[in-house]
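Just so you know, ligand 1 is whichever comes first in the structure, and atom 1 is the first atom listed for that ligand.
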Amino acid sequence: MRLKDKVAVVTGAASGIGKEIAIVFAREGAKIAIADLNLGAADATAKELDPTGERAIGVGMDVSNEAEVDSGIAKVIEKFGALDILVSNAGIQIVAPIVDFEFAKWKKLLAIHLDGAFLTTRASLRQMYKQKSGCIIYMGSVHSKEASVLKAPYVTAKHGLIGLSKVVAKEGAAHGVRSNVICPGFVRTPLVDKQIPEQAKELGITEDQVIKNVMLKETVDGQFTTVEDVAEAALFFASFPSNALTGQSLVVSHGWFME
Ligand code: NAD
């Protein structure tokens, strides 16, 4: 067990990548808070992990809402008595060309990805600094490193997370806190499934062409990255035995992007 009795909050963990990270962390002995906008799904995921409610709880939280984040993180600390790992993972996707991008949608996407990362980080660091240790993991993307058409706010936000993570690595070092970013390629989750017809419409191509020529074209083997792949990378960062590994980003993308 590589995370025995560590306390982890995973945002956006009622679905997709976040859910798999929660499953893997629980398997490795962690106590888990499933923090999600969708409280019903968060509670259901927590029950799947631990029907007794002793080692997994659901926490309703809009990560872009300051009061909800602060009270949600407080609830986790009250329940488990500590906070060792934050996985800032909650996210959405909205695709459109810049010239047509609605300002309200731009702001919504940036708020969930960037305000959400900041607010959950701030609330977690206040506890981690008291404990003099902690690990923060941001869910970036290949779009933290590279751009694609139709994804202006997403690419902007995902690049921004790398900047935030580096500051957390520098400020957190004196308090035993490390910070890193995982940058996955395309993973078949609801977030990606929703984009396939949307991109087909915007680009005037078939859904199959979106998968082959847009999503997987740059990979070395034409394969989607899986939730399991990303969860393994999260476990690697979370269980790394020293604070040497900080301020870094790791691309897990079948070669979609190479450093
Ligand atoms: P998903 O849609 O399966 O899950 C996202 C979860 O976030 C959902 O449970 C949703 O309820 C929750 N959420 C949305 N807005 C929220 C908010 N304001 N507050 C709290 N929770 C909220 O998506 P996913 O594919 O698992 O994506 C998870 C993360 O991984 C995102 O940050 C995404 O950008 C990133 N990512 C995904 C891919 C991919 O191909 N799927 C690739 C790279 C990075």
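Ligand 1 places these atoms under 4.0 Å from at least one heavy atom of Ser15: 1 (P), 3 (O), 4 (O), 8 (C), 9 (O). Each of the following atoms of ligand 1 lies closer than 4.0 Å to a heavy atom of Pro184: 42 (C), 43 (C), 44 (C). The atoms of ligand 1 that sit less than 4.0 Å from any heavy atom of Met139 are 29 (C), 30 (O), 35 (C). When each atom of ligand 1 is checked for a heavy atom of Met61 under 4.0 Å away, the hits are 19 (N), 20 (C).
At a 4.0 Å cut-off, at least one heavy atom of His113 sits close enough to ligand 1 to count as contact. The shortest heavy-atom distance from Ala13 to ligand 1 is not under 4.0 Å. The shortest heavy-atom distance from Tyr154 to ligand 1 is under 4.0 Å.
Taking a cutoff of 4.0 Å between a charged side-chain nitrogen and a carboxylate oxygen, Lys6 and Glu28 do not qualify as a salt bridge. A salt bridge links Asp208 with Lys212: at least one charged nitrogen is closer than 4.0 Å to a carboxylate oxygen. Between Asp5 and Arg55 a salt bridge is recorded (basic side-chain N to carboxylate O distance below 4.0 Å).
A side chain to side chain contact (heavy atoms under 4.5 Å, CB included) with Val252 is found for one member of Val142, Val187, Thr226, Asp229 and no other, namely Asp229.
Residues Val168 and Phe240 do not share a hydrophobic cluster, clusters being chains of Ile/Leu/Val/Met/Phe/Trp/Tyr side chains in contact below 4.5 Å. Linking Ile, Leu, Val, Met, Phe, Trp and Tyr residues whenever their side-chain heavy atoms come within less than 4.5 Å leaves Ile23 and Val9 in two separate clusters.
Ring orientation note: the planes of Phe186 and His143 are nearly perpendicular, at an angle over 60° on the 30°/60° scale.
By the criterion of a heavy-atom distance under 4.0 Å, both the backbone and the side chain of Val63 are placed next to ligand 1.
The closest non-hydrogen atom to atom 10 (C) of ligand 1, taken over Val10, Asp36, Leu37, comes from Asp36. Between Ala42, Gly140, Pro190, it is Gly140 that holds the heavy atom closest to atom 44 (C) of ligand 1. Among Ile34, Ile92, Val87, the residue whose heavy atom lies closest to atom 14 (C) of ligand 1 is Ile92. When Gly16, Ala14, Gly91, Ala35 are checked for heavy-atom proximity to atom 5 (C) of ligand 1, Gly91 turns out nearest.
Remark: minimum distance from atom 25 (O) of ligand 1 to any protein heavy atom is reached at Thr189 OG1, 2.4 Å.
Of the possible polar contacts, one joining the Asp36 side chain to the Ala13 backbone as a donor-acceptor pair under 3.5 Å is found.
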